[in-house]
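Heads up, the thing below is written out as structure tokens.
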2 protein chains.
Amino acid sequence: MGKLALKLFRECLPVFQTLSDPNRQDILLLLHENGPLPVNELTSKLSLSRPAVSHHLKLLLQAGLVSCEQQGTQRHYSLSLEASVTMLRELISVVEEECLPKFDTTIPAKEARL
Amino acid sequence: MGKLALKLFRECLPVFQTLSDPNRQDILLLLHENGPLPVNELTSKLSLSRPAVSHHLKLLLQAGLVSCEQQGTQRHYSLSLEASVTMLRELISVVEEECLPKFDTTIPAKEARL
DNA sequence: TTGAAAGGTTTAAAAATTTAAACCCTTTAA
DNA sequence: TTAAAGGGTTTAAATTTTTAAACCTTTCAA
């Protein structure tokens, strides 16, 4: 019952933690607007040091929100939001089913509909 | 364009921040399973001190995830997930539309369908 | 085979979060 | 009008997070 909700909330914890920082949100948006980018490109767009950007990318990687592909000396980071979005959708569905006040969805009898 | 995504990400920041802590998730689940509860009830179910619970409730209130009703000397906290869920849904919709690889939804020509 | 470019890691400091003890303010029952 | 119950706030300590400087590794071009 609420057991499923707990499981889903816990599964989404890393996503919530990762998305709860504006710099990391900005990284995601930059990757969205520019496509895959290497670390130095991101750094130049972000008023953060490279180690800081690198650190946030590590967290984003761990949470599965971005992926990384080595290309020669560069590493191109790109969005991989599919899995996380799916998890959030599931959580939201369960919350809507279990935790939200239900409104009446029954169809009124013919005579009652005007 | 990505301007909308940014706006929605930022709007959801307090929700992400609030949900990124297991104790706060637990409070939400307790309220879900038990209905509205006063602070002491929550504390007794939570291996946390009352000030800590009170603090987390304050954050949950600020993020709009719970509401509070005074009843005599007690304050009953209850879930109010509607607005947050709506915000998350919107964010997810935009992310799905803008940021996820689209799969082909066109209907193949008649001759091509077997 | 050097050297420069790209980028991860270690470290240490600064900032934010989390927590509980101590304290204070209401409300209500005696 | 006290006393006790319920609960916020303040404070200070502990922990975690964030950041950048210094350092190290790998790749590739000269």
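Proteins come first, then strands; the chains are lettered A, B, ... in the order of their sequence lines, and each starts at number 1.
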Checklist entry - Side-chain contact, heavy-atom cut-off 4.5 Å: B:Arg75 with B:Pro38? => result no

Checklist entry - Side chain of B:Pro51: nearest nucleotide among D:dT9, D:dA5, C:dG7? => result D:dT9

Checklist entry - D:dA29 C1' sits how many Å from A:Gln74 CD, rounded? => result 14 Å

Checklist entry - Applying the 4.5 Å side-chain criterion to the ILVMFWY set and letting contacts propagate, would A:Leu59 and A:Val15 be lumped into a single cluster? => result no

Checklist entry - Taking N and O atoms by type only, does the side chain of A:Arg50 place a donor or acceptor under 3.5 Å from a partner on the base of C:dG7? => result yes

Checklist entry - Which nucleotide sits closest to the side chain of A:Ser49: D:dT19, C:dG8, C:dT18? => result D:dT19

Checklist entry - Got A:Phe16 and A:Leu88 here, is their nearest side-chain heavy-atom distance under 4.5 Å? => result yes

Item to check | Atom-pair distance (CD1 on B:Ile27; P on D:dG7), nearest Å | outcome: 13 Å

Next on the checklist: Can you work out whether A:Gln17 or B:Thr73 has the more 5'-proximal nearest nucleotide on DNA chain D?
Outcome noted: B:Thr73

Checklist entry - Does some side-chain heavy atom of B:Leu42 sit less than 4.5 Å from a side-chain heavy atom of B:Leu48? => result no

Checklist entry - Out of C:dT19, C:dA5, D:dA20, which has the shortest distance to the side chain of B:Ala52? => result C:dT19

Checklist entry - Which nucleotide, in any strand shown, forms a Watson-Crick or G-U wobble pair with C:dC23, with both distances under 3.5 Å? => result none

Next on the checklist: Between B:Arg75 and C:dT26, is there a contact of a side-chain N or O with OP1 or OP2 at under 4.0 Å?
Outcome noted: no

Checklist entry - Hey, is the side chain of B:Asn23 poking within less than 4.0 Å of OP1 or OP2 on C:dT17, counting only N and O atoms? => result no

Checklist entry - When the distance from CG of A:Leu61 to P of C:dG7 is rounded to whole Å, what number comes out? => result 13 Å

Checklist entry - Does the side chain of B:Lys58 get closer than 4.0 angstrom to OP1 or OP2 of D:dT9 through an N or O atom? => result yes

Next on the checklist: Tell me the interatomic distance from A:Leu60, atom CG, to D:dT17, atom P, rounded to whole angstroms.
Outcome noted: 15 Å

Checklist entry - Within the pair B:Asn40 and D:dA5, is there a side-chain N or O less than 4.0 Å away from OP1 or OP2? => result no

Item to check | Member of B:Leu37, B:Leu60, B:Leu81 meeting the side-chain contact (heavy atoms from CB on, under 4.5 Å) criterion with B:Leu31 | outcome: B:Leu37

Checklist entry - Side-chain N or O of A:Tyr77 less than 4.0 angstrom from OP1 or OP2 on C:dG8? => result yes

Checklist entry - Nearest-Å distance, CG (A:Asp21) to C1' (D:dT17)? => result 9 Å

Next on the checklist: Applying a 4.0 Å non-hydrogen cut-off, can you work out what A:His56 is touching in the nucleic acid: base, sugar-phosphate, or nothing?
Outcome noted: sugar-phosphate

Next on the checklist: Rounding to an integer number of Å, can you tell me how far A:Leu59 CG sits from C:dG8 P?
Outcome noted: 13 Å

Checklist entry - Atom NE2 of B:His55 to atom C1' of D:dT15: distance rounded to whole Å? => result 14 Å

Next on the checklist: Distance check needed: D:dG7 P versus B:Glu41 CD, whole Å only.
Outcome noted: 9 Å

